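See below for the structure under consideration.
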Amino acid sequence: MKDALSELLLRALESLRRAEAVDVATPDFVIERTRSREHGDFACNAALVLAPTLRQKPRDIAGEIVGALPESPLVHRVEVAGPGFINFFLTDRAWQDEIRRVLHEGANYGHCQIGRGRPVGVEFVSANPTGPLHVGHARNAVIGDTLARLHAATGWQVYREYYYNDAGAQINNLALSVQARIKGIEPEDPRWPADGYRGEYIRDIARDYASGAAVEAGHPHGDYNREHTRELARDDVGGAAPGTTGDRLPGKQDPDDLDAIRDFAVAWLRREQDEDLRTFGVEFDSYFLESSLYREGQVERVVERIAQQGHSYEDDGALWLRSTDFGDDKDRVMRKSDGAYTYFVPDVAYHLSKWERGYKRAMTVLGADHHGSLTRVRAGLQALEIGIPKDWPEYVLYQMVTVMKGGEEVKISKRAGSYVTLRDLIGMAGLDATRYFMVARKSDSQLVFDIDLARSQTNDNPVYYIQYAHARVCSVQRQMHERSLVFEQHEALKHLDRLDSAPARNVMVGISRFPEIVAAAAGNFEPHLLAQYLRELAGAFHVWYNAEQFLVDDEALRNARVALAYATRQVLANGLGMLGVSAPASM
RNA sequence: GCGCCUGUAGCUCAAUCGGAUAGAGCAUCGGCCUUCUAAGCCGACGGUUGCUGGUUCGAUUCCAGUCAGGCGCGCCA
């Protein structure tokens with residue numbers, strides 16, 4: 001709809017330019033929905049934007065533009081208002097056409113081709129396989145998955161990827177912790193490893209290892225990026241290649257075989273994370289293991305390349321990245337004096353891999369507590385001097401989640417082992433509510449997840465409000481069936497002019513916003529716009545539902561109303577689908 | 001000390017890359033079920049957008065400063 005108006009304006013400006021009334025380049029105007037009906041349905045600020053360069057009064061310019069606008073069946077009238085806005089009042093026909101479009105396009109309504117099939121890599125969750133997923137990962141998972149769905153809906157070829165930090169000190173720490181448990185050492189024991197993981201799950205892993213139980217850590221689901229899958233197939237963790245059914249990795253029972261313990265523990269935790277994510281409706285196209293970067297020499301390669309480009313230096317026996325050349329506030333160690341690499345070097349190698357795999361657009365969903373690594377990774381990528389843009393990859397930072405229960409904050413601490421897991425959260429709040437809450441607000445504000453509130457499944461919970469609207473339409477459909485009323489869509493669409501009430505009109509206007517919302521939510525990495533919008537559309541529907549009876553005797557009127565109800569249901573279903581929230585037929 | 005994020009109604013949050021009269025829900029108070037699901041609807045109450053300046057036709061939005069909260073600043077990951 002916006003596009004149609006934009007087209008009209010561009011034609012008006014073009015004809016003015018030919019008449020030499022406006023001799024500047026097309027201004028960077030915006031067309032937006034008005035807040036108030038008095039100002040029409042859409043407003044455009046083109047005249048206000050042009051005024052300074054043309055050195056004319058905005059209202060005069062607006063008048064000229066309006067005079068040059070071509071006729072359109074969508075536009076009822078146009079007026080100049082306020083300081084120089086051009087306000088469009090649309091015809092009833094315009095809204096009715098949109099309803100026809102919804103019913104015609106069905107599940108595709110709201111989709112667009114902005115992405116033009118280009119590949120985009122969405123990396124999210126990427127939790128260390130050292131413990132169960134917690135509420136922070138839940139927010140990450142929902143934001144990432146929703147962004148992935150939104151990008152798919154806007155015409156991008158989406159690849160979901162999970163990066164496993166399965167190498168380094170923390171994994172060693174995991175192995176030592178499990179080993180201690182195998183040997184019956186408790187965290188209070190002086191022999192317990194320093195900074196060992198104290199969580200109960202360590203005990204579970206130890207028990208399974210000692211009993212010789214097998215663990216499968218494959219990922220037998222999803223559509224795989226074949227080239228990448230082949231690369232990962234050389235992986236040695238658990239012997240499992242993503243995309244295969246996964247190999248069974250039995251515990252060796254030997255308490256002194258630290259390598260075996262490490263592999264078993266990582267596979268065990270990956271399996272658990274996979275299960276949780278699958279339950280959560282989140283799946284990945286590929287899993288990338290940090291260990292593969294070391295094994296294939298990619299980390300070395302990055303360091304050498306940076307050195308070749310003259311962006312590193314040695315000091316105190318360590319190798320440093322001159323990251324201050326690229327906007328960091330201090331230089332960073334790449335290789336410690338003991339020869340080990342610091343964590344961000346494999347991160348750079350990993351992102352280099354993404355670049356080489358052709359992700360001209362890549363986004364990483366990252367908790368705000370890791371935002372420091374962002375500058376370092378980008379600096380490292382710049383230091384490679386291979387033409388990677390400064391702002392690549394794009395990061396979606398989300399602020400911390402605090403969990404409230406019984407009026408008290410539940411501390412999240414992986415080391416202490418006392419934190420609310422994703423599994424707990426879903427168990428308490430339910431899948432739909434958890435997913436909805438996690439994207440219902442901007443990712444850059446902190447989120448307080450009140451477990452008591454979330455589990456009280458009442459009208460406090462906006463997800464029910466939305467689902468209820470969907471279920472109500474389904475109920476109307478059932479009623480029609482019971483009363484042997486027939487809905488003929490083709491016939492109904494001829495009578496949409498009967499939808500002349502204010503509540504019905506608000507529903508139509510609300511529906512027509514959906515494509516704009518989807519495009520904005522995807523383009524700005526703001527999935528909360530969609531969550532918010534669905535609440536508003538459901539609200540408009542409930543108002544209309546209460547204001548007018550749908551199943552009336554007048555057949556033409558009845559069909560018109562049912563058509564609008566079905567269109568509403570379609571948009572709610574499409575939107576909920578993008579959030580990964582179910583759209584129940586009855587409640 | 002430096003960097004990033006946040007500050008909007010009693011509470012939880014919106015506000016479409018600077019737009020016109022800042023909107024919802026919850027809470028409080030008052031109404032609506034012989035009609036398609038009352039998990040709903042209608043009405044009332046509720047604001048100096050933390051504070052002070054600046055930029056301009058216009059600022060919750062941008063800039064500077066300031067106050068408050070969160071996160072991060074390691075040869076940890």
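What you are looking at is a predicted structure, and each value in this text was computed from that prediction instead of being measured. Scope of the values below: all heavy atoms of this structure, side chains included, with no hydrogens, waters or symmetry mates.
Between the side chains of A:Glu300 and A:Tyr341, at least one donor N or O lies within less than 3.5 Å of an accepting N or O. Remark: the A:Glu290 side chain and the A:Asn165 side chain contain an N/O donor-acceptor pair separated by less than 3.5 Å. Between A:Thr342 and A:Arg376, the side chains place no donor N or O within less than 3.5 Å of an acceptor N or O (distance only, hydrogens not considered).
Take A:Glu555 and apply the side chain to side chain contact (heavy atoms under 4.5 Å, CB included) test, not counting sequence neighbours, and it matches A:Arg558, A:Asn559. Every residue meeting the salt bridge (charged side-chain N to carboxylate O under 4.0 Å, His left out) condition with A:Arg498, not counting sequence neighbours, appears here in chain and number order: A:Asp554. Judged as a ring-ring contact (aromatic ring centres under 6.0 Å, His included), and not counting sequence neighbours, the contacts of A:Tyr350 are A:Tyr163, A:Phe288. Annotation: ring-ring contact (aromatic ring centres under 6.0 Å, His included) contacts of A:Phe42 (sequence neighbours excluded): none. Among residues two or more places apart in sequence or in another chain, the salt bridge (charged side-chain N to carboxylate O under 4.0 Å, His left out) test is passed with A:Arg513 by A:Glu536. For the salt bridge (charged side-chain N to carboxylate O under 4.0 Å, His left out) test, residues two or more places apart in sequence or in another chain that qualify with A:Asp329 are A:Arg332. In terms of the side-chain hydrogen bond (donor to acceptor under 3.5 Å, both in side chains) criterion, residue partners of A:Ser126 (sequence neighbours excluded) are, by chain and number, A:Glu123. Annotation: side-chain hydrogen bond (donor to acceptor under 3.5 Å, both in side chains) contacts of A:Glu314 (sequence neighbours excluded): none. Every residue two or more places apart in sequence or in another chain that forms a salt bridge (charged side-chain N to carboxylate O under 4.0 Å, His left out) with A:Glu548 is listed here: A:Arg561.
With C1' as the reference atom, B:G46 and B:A39 are 26 Å apart, rounded to whole Å. Atom name C1', nucleotides B:U35 and B:U48: the rounded distance is 48 Å, in whole Å. To the nearest whole angstrom, the two P atoms, one in B:U21 and one in B:G7, are 23 Å apart. Taking atom P on both nucleotides, B:A22 is separated from B:U61 by 14 Å, rounded to a whole Å. With both ends at atom P, the span from B:G30 to B:C67 equals 46 Å, rounded to whole Å. Between the C1' atoms of B:C13 and B:U60, the separation comes to 14 Å (whole Å). B:G50 and B:G43 have their P atoms separated by 29 Å, with the value rounded to a whole Å. Look at the P atom in both B:A44 and B:C4: the space between them is 44 Å, to the nearest Å.
The side chain of A:Tyr465 places an N or O atom within less than 4.0 Å of a non-bridging phosphate oxygen (OP1 or OP2) of B:C41. Applying the 4.0 Å criterion to OP1 and OP2 of B:A39, one finds that A:Tyr468 has a side-chain N or O inside that range. Distances shorter than 4.0 Å separate none of the side-chain N or O atoms of A:Lys57 from OP1 or OP2 on B:C57.
Within 4.0 Å of A:Gln467, counting heavy atoms only, lies no atom of the nucleic acid at all. Nucleic acid contact class of A:Ala43 (heavy atoms, under 4.0 Å, all strands): base. Here A:Ser373 lies out of heavy-atom contact (under 4.0 Å) with every strand. Within 4.0 Å of A:Asn172, counting heavy atoms only, lies no atom of the nucleic acid at all. Using a 4.0 Å heavy-atom criterion, one finds that A:Ala471 contacts the bases of the nucleic acid, with or without backbone contacts as well. Using a 4.0 Å heavy-atom cutoff across all strands shown, A:Asn87 reaches at least one base atom of the nucleic acid. Nucleic acid contact class of A:Arg513 (heavy atoms, under 4.0 Å, all strands): none. Counting any heavy atom pair closer than 4.0 Å across all strands shown, A:His39 reaches a base atom. Residue contacts for A:Asp369: at a heavy-atom cut-off of 4.0 Å it reaches the sugar-phosphate backbone alone, with no base atom in range.
A straight line from CG of A:Leu50 to P of B:C57 spans 15 Å, rounded to a whole angstrom. In this structure, CZ of A:Phe541 is placed 14 Å from P of B:C36, rounded to the nearest angstrom. Rounded to a whole Å, the CE atom of A:Met587 is 13 Å from the C1' atom of B:A38. Atoms CG (A:Leu321) and C1' (B:G74) sit 16 Å apart, rounded to a whole Å. Between the CD atom of A:Glu548 and the P atom of B:C42 there is a distance of 13 Å, given to the nearest Å. Nucleotide B:G40 holds its C1' atom 17 Å from the NE2 atom of A:His470, rounded to whole Å. Rounded to whole angstrom, the span from the CG atom of A:Asp41 across to the C1' atom of B:A20 amounts to 15 Å. Between A:Asp554 atom CG and B:C36 atom P the separation is 19 Å, expressed in whole Å.
Ring to ring, A:Trp544 and A:Phe550 are close: their centroids are under 6.0 angstrom apart.
One N or O donor and one acceptor, one from the side chain of A:Tyr343 and one from the base of B:A77, sit under 3.5 Å apart.
By the rule that a glycosidic angle within 90° of 0 means syn, B:C33 counts as syn.
The A:His542 side chain lies nearest to B:G40 when the options are B:G70, B:C36, B:G40. Here B:A77 is the nucleotide among B:G70, B:A38, B:A77 with the atom lying nearest to any side-chain atom of A:Thr342. Comparing B:G40, B:U37, B:G70 against the side chain of A:Tyr545 picks out B:U37 as the nearest. In this structure, of B:C75, B:U37, B:A39, it is B:U37 that holds the atom nearest to the side chain of A:Arg472.
Figure legend: A:Arg378 and A:Phe326 shown without cation-pi pairing, the cationic atom not lying both under 6.0 angstrom from the six-membered ring centre and within 45 degrees of its axis.
Of all the heavy atoms in A:Leu397 and A:Gly367, the pair that sits closest is CD2-O, 4.2 Å.
Heavy-atom distances to RNA chain B give each of A:Ser586 and A:Trp320 a nearest nucleotide, and the one nearer the 5′ end belongs to A:Ser586. Projected onto RNA chain B by closest heavy-atom contact, A:Glu38 and A:Asp316 fall at different nucleotides, the more 5' of which corresponds to A:Glu38.
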Discussion item. Output one letter per nucleotide in nucleotides 4-19 of chain B: B when a protein non-hydrogen atom lies under 4.0 Å from the base, S when only the sugar-phosphate is that close, - when neither is.
Written reply: SSS-----SSSSB--B

Worksheet item: Using a cut-off of 4.0 Å between protein heavy atoms and nucleotide atoms, how would you tag nucleotides 62-67 of chain B 5' to 3' with B, S and -?
Response: ------

Response to the item:
Its dot-bracket string being built from Watson-Crick and G-U pairs below 3.5 Å, with | for another strand and [ ] for crossing, RNA chain B has the pattern (((((((..((((.....[...)))).(((((.......))))).....(((((..]....))))))))))))....

